[in-house]
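The structure appears right after this line, and notes come after that.
Convention: sequence-line order gives letters A, B, ...; per-chain numbering from 1.
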Amino acid sequence: MRNRSTLSLRIPQPHRRPGDKPDFSTIAIPPAGSLERPATDANHRDLIPYAYGLIRVLNEDHKAVGAWNPRLDPAVLIKGLRDMVLTRAFDDRMVRVQRQGKISFYVKSTGEEATAVAFANAIEKNDMCFPSYRQQGFLIARGCPLVEMMCQCFSNARDPMKGRQLPVLYSFREYGYFTISGNLGTQAPQAVGWAMASAYKGDDRIAVTFIGEGTTAEGDFHHALNFAAVYRAPVILNVVNNQWAISSFSGMAGGDETTFASRAIGYGLPGLRVDGNDYLAVYAAAQWAAERARANLGATVIELFTYRAEGHSTSDDPSRYRPSDEWRAWPLGDPIDRLKNHLIAIGAWSEKQHQALIDEAVTLVRETQRETESIGTLADGSRAPVSAMFEDVFAEMPWHIAEQKKAAGA
Amino acid sequence: MRNRSTLSLRIPQPHRRPGDKPDFSTIAIPPAGSLERPATDANHRDLIPYAYGLIRVLNEDHKAVGAWNPRLDPAVLIKGLRDMVLTRAFDDRMVRVQRQGKISFYVKSTGEEATAVAFANAIEKNDMCFPSYRQQGFLIARGCPLVEMMCQCFSNARDPMKGRQLPVLYSFREYGYFTISGNLGTQAPQAVGWAMASAYKGDDRIAVTFIGEGTTAEGDFHHALNFAAVYRAPVILNVVNNQWAISSFSGMAGGDETTFASRAIGYGLPGLRVDGNDYLAVYAAAQWAAERARANLGATVIELFTYRAEGHSTSDDPSRYRPSDEWRAWPLGDPIDRLKNHLIAIGAWSEKQHQALIDEAVTLVRETQRETESIGTLADGSRAPVSAMFEDVFAEMPWHIAEQKKAAGA
Amino acid sequence: MPTMTMIQALNSALDVMLAKDPDVLVFGEDIGYFGGVFRVTEGLQKKHGQTRCFDSPIGEAGLVAAAIGMGAYGLRPIVEIQFADYIYPAYDQIVSEAARIRYRSAGEFHVPLTIRTPYGGGIYGGQTHSQSPEALFTHVAGLKTVVPSNPYDAKGLLISAIEDDDPVIFLEPKRLYNGPFDGHHDKAVTPWAKHKLSEVPDGHYAVPLGKAAVARAGSAVTVLTYGTMVHVAIAAAEETGIDAEVVDLRTLMPIDIETIVRSVQKTGRCVVAHEATLTSGFGAELCALVQEHCFWHLEAPIERVAGWDTPYPHAFEWDYFPGPKRLADGLKRALEN
Amino acid sequence: MPTMTMIQALNSALDVMLAKDPDVLVFGEDIGYFGGVFRVTEGLQKKHGQTRCFDSPIGEAGLVAAAIGMGAYGLRPIVEIQFADYIYPAYDQIVSEAARIRYRSAGEFHVPLTIRTPYGGGIYGGQTHSQSPEALFTHVAGLKTVVPSNPYDAKGLLISAIEDDDPVIFLEPKRLYNGPFDGHHDKAVTPWAKHKLSEVPDGHYAVPLGKAAVARAGSAVTVLTYGTMVHVAIAAAEETGIDAEVVDLRTLMPIDIETIVRSVQKTGRCVVAHEATLTSGFGAELCALVQEHCFWHLEAPIERVAGWDTPYPHAFEWDYFPGPKRLADGLKRALEN
Ligand SMILES: Cc1ncc(C[n+]2csc(CCOP(=O)(O)OP(=O)(O)O)c2C)c(N)n1
Ligand SMILES: Cc1ncc(C[n+]2csc(CCOP(=O)(O)OP(=O)(O)O)c2C)c(N)n1
Ligand SMILES: [Mg+2]
Ligand SMILES: [Mg+2]
């Protein structure tokens, strides 16, 4: 008999828990500008290194460097900065509103604003977004009226979802924002189908979807990659790797073994790994992938490497499972600060202007809240009529639902 | 406005259909022995090239060459040859039996015998196989009595599955063969769980699973890869790429875009691409992966590149969707011929011995059929008692099933 | 009028809709070049082109999800699940997504999706080619569930399903594909051509969803059933001489309560029959509805005739299948009291 | 005896079984270090070790499949699905695999698997944190389905489920985790400590599967129910003064038909109640069973009180939830005739 070693079951564990010092020393951060920008029609095999690198544009001196620099007009950058600042102000306010018991639930995107905002600004207006629940920045960048978003969160009489969805699970067709599901991952292969439909019709619209790194473990992520590859669908599949999935660190989704961008390789798709807190890098990667998709060359997977700065949602207390000051140690910093510093470095912005921008955002959000509350809140009884509960199950109400509606006195 | 190209939907199509000449010119076949054999504890990143190469041992002169040569004793090879010949004889006979209306359904493994047989012979007896429906060679190599297999196919009174399963959907715990599901792909993540259990118990048993290339599109294949990677499970995940999934060519599963072995890369697993009709190459790859697994280094994905020589099942007529003589043009040949020629080339075998082996196999199968039919066939009324229909739904029969059993007069 | 088998009728429905509406497309495993394992899509790719009728990877969740995305874009996708037994991997996309998108988006998006799939036993398919999962869909708000029993209805109902703006689960009784089947497996197979409902117009017509048909008029007892079991029920009535009224429900959700109530109030007795396992089958809902709506008319307990509460075992095809004998027993029990 | 909340009782069941049987292990999303979003597994990883209680990737199909493989090896895995609403991706593995492996392998393999999952409404969870999918499991041959309504039963039933050699779907009424809830959402929350069934022994004990309990004795009408609705039914009886007998089914499959029949034969009237959508809900099966077994004792139609046939909408929590008022109306209707 051979001398056999005994097996043991390996359970991945993060190397930092509450009480530990934050430690990101194992994370390699290549210098900005170190990667070439390949042609958008490059063969996927030649793109493999991009799944393991990190596309970065903003360097330590706040300069935009290297081939991936999208060379954007300062006005374009200032719009992006404004969208991010507004997103953060909105998030901050909504959490406060939740703490006051005015809404039941909220999900912040703090620290990851660049991922959604840069994307929204880099693609075309009639492209379609299939979001998870953390891309409010996309909606804000697209100009969705804050009051509509807030009425949704308040489930009040003007909630465009008629009180049927949890706060944050928006649907805004007008702003190219698909109805958010509470079930993780389902949107990704739907985005592929939507993109296939655009190709089928001979249109030029592309789809963009966002999925959390934890959710890449769902079968639906695989289906998205596989269908996108097989039918060469014009879709961009973003993995927002914010390193946490509620209490589970990214290693639970396989992140200790390899990058999430590398998931693309096995389907013959390009996978780009991008500094998700670098507005310019995200913007550039989005442009690259959109150009490739529109040229009928199919899908791109983009891993947006970032950090979930706050709790998973208002129901979560992250200090139970990770050092509470980790975000401050996160080497890729804060996307808002980084873009602000860049704009200042190129002479297009100042601290004063920035403070004014924040003040303006905070005021706007405060006024929106006032307007929303003047319509009403679920807590004080403002909501869609009870009859709305029975509508839209089908296009036409069948007899049994009509009877139930009657029984409910609605 | 930018000048945009119009999108179009791409539907993959094989480059050969009925009436066309078989054409495998696009398939690159590297020479035998051209790949190094890496250490079994190599880092997965360094193994990426193996997902795109093709591990081959038997060369054009029927010699075993290169680092992957497992240097097996001729007696060991002759056992493998015998197992393959017997598998083919069994398959041939069962199809005839089906055509005679004695069984309802059958699935051949012709042309792919090496994939299952070499594996069975390369791993240990108490390792566990989670098969699809085309690994009868594994069972035969493990010494499962043919009469038990045949009784299952005949659904007769001695069918060990008590008439509950379609022919071919075996379960043989004694031979380390997990109960086959009619639902594709479900066995792969189950194999991972079984392997996790072995590791949990500190045992040294490993699991092996087989999945068709078409079935890699199921979510369960992804779950198998992901769970195997995350928990570093001692499991070997084989993809039998026989290039067809009923009428669908491998491009429908993404095979036009990249190799199936490369699916491993995105999970940080090694992926080996192997000449599936080269008994020695399959054996060697199995040994490599088993050694790695037993050393607590986790899973390996192996793409076994082969060709489905016959119809999908007895319900299928492949001449409807592919050139009927394709198999003859298949450049990797017939696994039985190749091993036979190798044994002859090394002076351990002769054409005469081979013919005797075939005759012996045919006789054995014929006698087994006689024995089986003497027990009976479903068509002539031999089967498990009707009460068997109601048993084993639960460990203990609940009242409502007992009542139904009574109502059925069973 | 031409006569058609159920396969031809379904093929014709797809053909008509592909020709009529450029937003209709059909995809699924093996359905393109090959024409499907039951040949329902035969010739459609050749006639309408590769992007109108094509193969899919073997990933039921992915294919339903892709169809949902297409539906959201504005297309009218029709997908085939090769056997109803293989629909479960897509169950989350069907239940959590297709069924709820209109509701959760307050009507901003909807999914005009048709999922066709062969169901039921009678072909020695064993436990994974014989299942009848209809009750798993009728429980889900937002789905319609349809089961035809003859070529004429099959075509008309499939056209209605495709034209419907909500997701429809369209269950095709595979044992009826090539001929009516009354459960007498030992008798010679009857061709559809001999059945009056095999006369099928070539062009477009619709059989409305939500409307049952009285397949056999009678006054002694009502049989509520659908799919293959319609023929079994008629056979049981003829053979026993029991004057049963056989209601072919055709659509399970929304159910045609009026036809049900009218019949049961007339007969005062009721048998519900399906191939699916008894417990929590759709027959349970029918029992509940009938006793709710017709309690004071019922002269005996409602009898259920159904598949046993076991998987569908290969060697026991005709012991499992609720054939004319079991149905006749059910009719007799319903008349006993 | 200590009093426990339902969470503590469930935690204690897991703790006892982890200590007793080295082949028991627990895994699921966020259940290891963190202790689960509802804290049911709190402290178990610390006490029993990382390989006994650990996190899983977010892939419900994968986690159930892995547990099936473990069960085949000889372990007794317990998995948590974070919310019952997220069980659908695992539906194929549950229905086609866990439920059928014993049968299809003729007993060679079996799967002693327990799937725990919080279900039901009452916490403003919206449509994807409030569902009651029990009927989707009771229809499947080979699965047992259990729903406790109090801490004592929760612990005893969970231990029975873990020790059972077949797969058990263990549905935990999440609204009862921290206290009994009778549907009066506007009243102050009652703690479990005030309820007699919060007295829970520390050690091992079993409440057998397949046995109902009479939660309130009565003679005017029988209420068949389970989970949260047990408390609602009791409240409705107390508040209306209707002498209802409330049967807490506890196990839905296999169902305790004797207790049901005994009660309905006594009262002659019956209401079935659940949170799940009405159509094809488990209440339909209860109606069918009751009218089959007690037809001649029934003095009025069986009434169903259930969730509406819509998704569970966030802003209409208490319009959707079948609270004491709807239950009282059901009782009255059952007594009217
Ligand atoms: C199918 C399904 N399983 C589980 C959940 C519960 N859940 C909600 S969010 C979440 C974590 C997701 O993490 P990740 O994908 O990384 O996204 P992030 O929250 O970090 O943006 C989990 C497990 C769910 N909503 N749906
Ligand atoms: C979930 C599921 N979907 C579809 C089928 C129908 N089906 C049976 S075999 C098969 C093709 C499988 O092809 P592949 O995986 O390449 O295996 P091979 O037959 O070539 O060995 C299909 C589609 C099934 N059995 N299960
Ligand atoms: Mg995350
Ligand atoms: Mg194949």
Handout entry: Contact winner vs chain C - Ala99(D), Gly126(D), Ala300(D), heavy-atom pairs under 4.5 Å
Key = Ala300(D)
Problem - Selection from Pro89(D), Gly281(D), Ala61(D) maximising heavy-atom pairs under 4.5 Å formed with chain C - result: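 The candidate making the most pairs under 4.5 Å is Pro89(D).
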Handout entry: Centroid-centroid distance, His129(D) to Tyr86(D), less than 6.0 Å
Key =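 Yes, they do, as the ring centres are separated by less than 6.0 Å.
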Exercise for the section: Flag the pair Phe137(C) / Tyr91(C) as yes when their ring centroid distance falls below 6.0 Å, and as no otherwise. Expected result: yes
Taking all heavy atoms of [X] and all of [Y], pick out the closest pair and write down the distance.
X	Y	result
Val223(C)	Ala233(C)	CG1-CB, 3.9 Å
Pro167(C)	Ala98(C)	CG-O, 3.4 Å
Thr279(D)	His139(C)	O-ND1, 2.7 Å
Ala84(D)	Leu171(D)	CB-CD2, 4.4 Å
Ile81(C)	Thr117(C)	O-OG1, 2.8 Å

Problem - Residues of residues 270-278 of chain C contacting chain D, heavy-atom criterion under 4.5 Å, by residue number - result: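 Counting heavy atoms that sit under 4.5 Å from chain D, the residues of residues 270-278 of chain C involved are Ala276(C), Thr277(C), Leu278(C).
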Handout entry: residues 284-296 of chain C: residues contacting chain D (heavy atom under 4.5 Å, by number)
Key = Ala284(C), Glu285(C), Cys287(C), Ala288(C), Leu289(C), Gln291(C), Glu292(C), Phe295(C), Trp296(C)
Problem - Test side chain to side chain contact (heavy atoms under 4.5 Å, CB included) applied to Leu209(D) and Val146(D), step by step - result: CA-CA 8 Å; Leu209(D) 306 189; Val146(D) 176; 3.8 Å; yes
Problem - Members of residues 301-318 of chain D whose heavy atoms come closer than 4.5 Å to chain C - result: Pro301(D), Ile302(D), Arg304(D), Asp309(D), Thr310(D), Pro311(D), Pro313(D)
Practice task
Go through the atoms of Gln131(D) and report whether side chain, backbone, both or neither lie under 4.5 Å from a heavy atom of chain C.
Solution key: side chain
Practice task
Sort Glu134(C) into side chain, backbone, both or neither according to what part of it lies under 4.5 angstrom from a heavy atom of chain D.
Solution key: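 For Glu134(C), neither part sits under 4.5 Å from chain D.
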Practice task
Only one of Lys332(C), Glu299(C), Arg269(C) passes side-chain contact (heavy atoms from CB on, under 4.5 Å) with Val221(C); say which it is.
Solution key: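 The residue from Lys332(C), Glu299(C), Arg269(C) that satisfies side-chain contact (heavy atoms from CB on, under 4.5 Å) with Val221(C) turns out to be Arg269(C).
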Handout entry: Short side-chain donor-acceptor distance under 3.5 Å, Thr222(D) and Thr267(D)
Key = yes
Handout entry: Polar side chain donor-acceptor pair, Tyr103(C) to His110(C), under 3.5 angstrom
Key = no
Would you say that [X] contacts [Y] through its side chain, given a criterion of any heavy-atom pair below 4.5 Å between the two side chains?
X	Y	result
Lys144(D)	Ile169(D)	no
Ile94(D)	Tyr88(C)	no
Glu97(C)	Asp92(C)	no

Practice task
Please identify each residue that fulfils side-chain hydrogen bond (donor to acceptor under 3.5 Å, both in side chains) with Glu29(C), with sequence neighbours left out.
Solution key: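 In terms of side-chain hydrogen bond (donor to acceptor under 3.5 Å, both in side chains), with neighbours along the sequence ignored, Glu29(C) is linked to no residue.
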